Amino acid sequence: MAEASKKAFVCGHPIAHSRSPKIHGFWLKHYGIEGSYTAIDVAPEDFSAFLKRLEAEGFAGGNVTIPHKEAAFRLVDRRDAAAEAIGAVNTLWYEDGQLWGGNTDAYGFAANLDEYAPGWDKTDTALVLGAGGAARAIVHALKQRSIRDIRIVNRTVARAEELAASFGAGVSAHPLAATGEFLPETGLLINTTSVGMHGNEELPVDPSALPDRAVVTDIVYVPLETPLLAAARARGLKTVDGLGMLLHQAVLGFERWFGVKPEVTRELREMIVADLGAAR
Ligand code: ATR
């Protein structure tokens with residue numbers, strides 16, 4: 001008998017703009033796998049019941065996005081180490097009859113930089129702009145790569161302090177006003193705020209005072225080249241856009257559900273870039 005077709009999903013609220021069905025759909029076709037990956041809109045009050053129905057509905061697992069990542073963290077049976085460190089779950093799968101929750105955002109962040117700026121982690125000092133959920137995953141990735149001095153600056157300092165405290169030694173919190181003083185000694189600058197996003201296309205900081213060796217990356221990918229990345233490129237610095245993080249974070253879920261570790265290729269990236277352009 002042929003193996004049953006495997007099913008996976010992404011759930012969020014809203015979910016219409018998720019690119020995940022396009023990414024996983026591309027890989028299913030590319031690897032000739034009989035399976036599906038669908039977007040499901042789940043309201044917050046329905047999320048717990050939705051998780052309970054998953055297995056009966058034949059799902060191998062799926063992705064969880066805003067606003068369910070913290071609820072998923074609380075509701076799964078088991079969590080992987082990244083989810084524990086980040087406090088949020090973005091990937092679900094079954095193992096030994098239990099519902100597991102993992103977090104692939106830190107992996108996606110590091111894999112994107114590995115691809116476009118190899119050696120990015122050979123710096124002692126990173127400056128993280130913002131202290132939301134994305135910053136949490138990125139600080140975890142930076143700790144994993146043993147970056148010794150991780151500085152978080154945020155408009156609301158209390159949020160940065162809370163984030164820094166949860167990671168302990170080597171991670172510090174500062175007000176936005178400290179940015180100017182930090183820039184000349186920063187080897188890696190990461191924007192995790194929504195500043196620079198389409199509709200809010202401003203510079204979160206002026207990167208001109210960064211050293212020549214600095215790498216600059218942004219998690220915003222609409223537009224693909226944010227004002228920060230454009231300014232950093234004009235300054236002659238190495239820049240990496242945020243789309244690769246989205247593509248790479250999808251790899252581990254696909255592998256869990258469909259049994260093949262997929263490749264992030266130029267063809268996949270171009271398909272998503274075209275889709276982002278068409279949506280604007
Ligand atoms: P996510 O979970 O995607 O990281 P978030 O939790 O809403 O999103 O966090 C957004 C980040 O962008 C926060 O660090 C936020 O700063 P505050 O904690 O002070 O709210 C930051 N941010 C958003 N708009 C900003 C702006 N106009 N200027 C500076 N920082 C901004």
Side-chain angles (χ1 to χ4, degrees), residues 10-20 44 47 63-74 82-83 85-91 101-110 112 126-143 150-167 171-183 186 188-207 216-224 226-229 231 241-250 276:
V10 56
C11 69
H13 188 69
I15 198 63
H17 297 297
S18 171
R19 259 73 199 195
S20 293
F47 184 66
N63 285 122
V64 176
T65 188
I66 293 164
H68 303 312
K69 289 184 179 189
E70 286 78 22
F73 178 84
R74 291 190 299 271
I86 297 165
V89 156
N90 77 344
T91 304
N103 193 307
T104 65
D105 285 335
Y107 169 87
F109 174 79
N112 184 34
L127 184 58
V128 178
L129 308 176
R136 193 169 280 277
I138 286 165
V139 171
H140 177 62
L142 301 178
K143 291 272 300 185
I150 301 164
R151 297 156 173 184
I152 306 167
V153 298
N154 197 42
R155 181 176 60 182
T156 311
V157 188
R159 272 187 106 187
E161 283 168 351
E162 199 185 308
L163 178 56
S166 68
F167 282 96
V171 185
S172 56
H174 310 271
L176 283 181
T179 310
E181 176 195 331
F182 289 156
L183 285 172
T186 295
L188 176 66
L189 174 69
I190 306 127
N191 177 46
T192 78
T193 75
S194 46
V195 181
M197 203 180 267
H198 183 51
N200 185 14
E201 290 186 39
E202 292 162 39
L203 263 185
V205 300
D206 178 353
V216 179
T217 187
D218 204 322
I219 64 155
V220 171
Y221 56 85
V222 182
L224 213 46
T226 60
L228 174 66
L229 296 181
D241 69 51
L243 181 56
M245 178 175 171
L246 174 74
L247 302 177
H248 282 283
Q249 65 76 31
L276 292 171

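As the structure lists them, so they are numbered: ligands from 1, and atoms in each ligand from 1. We count residues from 1, following the sequence as given. Because the structure is a prediction, the values reported are computed rather than measured.
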Discussion item. Quick check: do T65 and N90 have side-chain heavy atoms less than 4.5 Å from each other?
Written reply: no
Worksheet entry | For H174, all residues meeting ring pair (Phe, Tyr, Trp, His ring centres under 6.0 Å), sequence neighbours excluded | F182
Worksheet item: Can you pull the salt bridge (Lys or Arg N to Asp or Glu O under 4.0 Å) pairs that have at least one residue in residues 151-165, sequence neighbours excluded?
Response: D149-R151, R151-E185
Response to the item:
Residue shell for ligand 1, any heavy atom closer than 4.0 Å, reads G130, A131, G132, G133, A134, N154, R155, T156, R159, T193, S194, V195
Discussion item. Would you say that V205 contacts L189 through its side chain, given a criterion of any heavy-atom pair below 4.5 Å between the two side chains?
Written reply: yes
Discussion item. Using side chain to side chain contact (heavy atoms under 4.5 Å, CB included), reason through L243 and L276 one step at a time and then give a plain yes or no.
Written reply: CA-CA 10 Å; L243 181 56; L276 292 171; 4.2 Å; yes
Practice prompt. Could you list the residues that satisfy ring pair (Phe, Tyr, Trp, His ring centres under 6.0 Å) with H68, not counting sequence neighbours?
Written response: F47
